[in-house]
Amino acid sequence: MDKDFAARRRRDLIIAAALAAIAALTPLFVKDVVVQNILILTLMYAGLSQSWNILSGYCGQISLGHALYFGLGAYTTELLFTKFGVLPWFGMLAGGVVSALIAMGLGYPFFRLRGHYFVIATIVIAEIGLLLFHNWEWAGAAMGITIPIRGDSWLKFQFLRTKLPYFYFALALCCLAWFVTWWLENSKWGFWWRAVKDNPDAAESLGVDVFNSKMGAAAVSAFLVAVGGSFYAQFVSYIDPESVMGFQFSLLMALPAVLGGIGTLWGPVLGAAILIPLTELTRFKFGGSGRGVDLIVYGTLIVLISLALPRGLLSLFSRSKKTGATR
């Protein structure tokens with residue numbers, strides 16, 4: 001079994017490297033700006049969902065408030081850039097650290113809650129953060145922040161003539177989130193998280209530090225999500241509270257993992273590859289999200305998948321393997 005497990009991990013790593021190489025070559029053949037934009041968002045949400053999956057999938061602490069960390073990453077980066085001239089690269093790190101610290105600060109009281117009480121608490125705290133930024137004049141309040149454009153530059157991470165740099169950063173973010181998950185999956189923390197998810201009382205009786213394991217998962221998850229928020233702010237060049245802290249961001253981080261397979265290595269990637277292009281194409285087809293058609297489409301998809309495959313689309317592959325082994 002140990003050899004099989006090691007072989008599976010090597011196989012996952014090889015597949016991930018091959019998929020990353022294929023994705024890196026995609027812009028050579030895809031020149032349409034709309035398609036490039038969809039690819040960028042797909043990669044970004046794959047990375048965000050993978051980050052969300054660390055806390056909610058592996059550790060079992062379902063959060064619907066990760067938009068808070070996404071927004072904190074965006075605001076930290078852009079406030080440092082617009083107010084003090086700090087380069088976005090340093091702003092990303094600062095946003096990640098701030099979000100990780102706040103996640104642990106919030107985790108101190110919230111991780112004593114269980115089940116739906118924890119889920120409700122994450123929604124409430126994210127909405128409180130949204131209201132605070134709506135009324136914070138120094139941060140632009142409801143008017144938001146327009147990021148000054150200073151020409152194409154990797155140093156300032158701004159590009160007007162091409163989307164390719166954003167594509168490759170989104171790919172790097174997706175790969176980073178996947179690799180961190182892959183590495184942690186077989187670490188002491190990974191085993192602790194799965195034990196806590198299955199039965200926290202039993203895990204604690206066996207010596208697992210339940211509280212600290214949850215805090216570690218929250219910090220890693222929030223840090224990576226905040227980096228994604230910093231990237232998104234640079235990508236769109238304008239942020240306001242609704243555009244980076246709205247509840248839809250929390251949903252779009254959770255839904256790909258739920259669709260593909262929560263608590264799995266490949267579930268968020270598979271879910272994002274299906275859900276995000278479908279969402280963007282539906283929005284493009286029906287003229288924006290105001291009519292809510294995109295929400296209806298992927299909401300219906302999630303319901304159908306949940307009813308037919310409660311463990312996500314990845315369970316199809318495990319079923320096929322079992323069928324092949326039986327034959």
Taking the six-membered ring for Trp, are F111 and F118 closer than 6.0 Å centroid to centroid?
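Yes, the ring of F111 comes within the 6.0 Å limit of the ring of F118, centre to centre.
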Taking the six-membered ring for Trp, is the centroid-to-centroid distance between F157 and Y166 below 6.0 Å?
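Ring centres of Y166 and F157 closer than 6.0 Å.
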Side-chain ([X]) to main-chain ([Y]) donor-acceptor, under 3.5 angstrom:
{"X": "S221", "Y": "A217", "result": "no"}
{"X": "Q36", "Y": "V30", "result": "yes"}
{"X": "Q234", "Y": "I147", "result": "no"}
{"X": "D152", "Y": "L160", "result": "yes"}
{"X": "T76", "Y": "G73", "result": "no"}
{"X": "K214", "Y": "C59", "result": "no"}
{"X": "W52", "Y": "S63", "result": "yes"}
{"X": "S99", "Y": "G96", "result": "no"}
{"X": "S213", "Y": "W193", "result": "no"}

Any chain of hydrophobic side-chain contacts (each under 4.5 Å) joining [X] to [Y]?
{"X": "I14", "Y": "L270", "answer": "no"}
{"X": "L55", "Y": "L101", "answer": "yes"}
{"X": "I239", "Y": "W138", "answer": "yes"}
{"X": "L155", "Y": "L93", "answer": "yes"}
{"X": "F235", "Y": "F90", "answer": "yes"}

Search all heavy atoms of [X] against all heavy atoms of [Y] and return the closest pair with its distance.
{"X": "L64", "Y": "A254", "answer": "CD2-CB, 4.2 Å"}
{"X": "A103", "Y": "A218", "answer": "CB-O, 3.8 Å"}
{"X": "G60", "Y": "K197", "answer": "CA-CG, 3.8 Å"}
{"X": "G261", "Y": "P268", "answer": "O-CD, 4.3 Å"}
{"X": "P88", "Y": "F81", "answer": "CD-CD1, 4.0 Å"}
{"X": "A219", "Y": "A100", "answer": "O-CB, 3.7 Å"}

Spacing of [atom1] belonging to [X] relative to [atom2] belonging to [Y], to within rounding of 0.5 Å:
{"X": "I145", "Y": "T82", "atom1": "CD1", "atom2": "OG1", "value": "5.0 Å"}
{"X": "M92", "Y": "L80", "atom1": "CE", "atom2": "CG", "value": "12.0 Å"}
{"X": "L13", "Y": "F179", "atom1": "CG", "atom2": "CZ", "value": "6.5 Å"}
{"X": "N53", "Y": "L224", "atom1": "CG", "atom2": "CG", "value": "12.0 Å"}
{"X": "L314", "Y": "I262", "atom1": "CG", "atom2": "CD1", "value": "12.0 Å"}
{"X": "K31", "Y": "F29", "atom1": "NZ", "atom2": "CZ", "value": "9.0 Å"}

For residues 167-189, pull every pair meeting side chain to side chain donor-acceptor pair (under 3.5 Å), keeping only residues two or more places apart or in separate chains.
Y58-E185
I'd like to know if R194 pairs up with D198 as an ion pair, taking the criterion as any Lys NZ or Arg NE/NH1/NH2 lying under 4.0 Å from an Asp or Glu carboxylate oxygen.
no
Above 12 or not: heavy atoms from other molecules or residues under 6.0 Å from OH of Y238?
yes
cation_pi(R112, F211) dist<6.0 Å, angle<=45
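Yes.
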Would you sort out whether T162 and F167 count as a side-chain contact (heavy atoms from CB on, under 4.5 Å), showing the intermediate values?
CA-CA 10 Å; T162 176; F167 172 86; over 6 Å; no
Any side-chain heavy-atom pair from [X] and [Y] closer than 4.5 angstrom?
{"X": "V244", "Y": "V236", "result": "no"}
{"X": "L171", "Y": "L39", "result": "no"}
{"X": "I40", "Y": "F231", "result": "yes"}
{"X": "Y69", "Y": "F249", "result": "no"}

Given T42, which partner from the list T279, I276, V269 fulfils the side chain to side chain contact (heavy atoms under 4.5 Å, CB included) test?
I276
Applying the side chain to side chain contact (heavy atoms under 4.5 Å, CB included) criterion to N37, which one of V34, L41, V33 satisfies it?
L41
Assess the residue pair N212 and W192 against the criterion (side chain to side chain donor-acceptor pair (under 3.5 Å)); give the C-alpha distance rounded to whole Å, side-chain angles, the decisive distance to 0.1 Å, and a yes or no.
CA-CA 10 Å; N212 284 336; W192 278 11; over 6 Å; no
Which atom pairs, donor and acceptor, lie under 3.5 Å between side-chain atoms of residues 43-51 and protein residues at least two apart or in another chain?
| residue | atom | partner | partner atom | Å |
| --- | --- | --- | --- | --- |
| S49 | OG | M253 | O | 2.8 |
| S49 | OG | A257 | N | 3.1 |
| Q50 | NE2 | L265 | O | 3.2 |
| S51 | OG | G47 | O | 2.8 |

Y232 vs F70 aromatic rings, parallel, tilted or perpendicular, using cut-offs 30° and 60°?
tilted
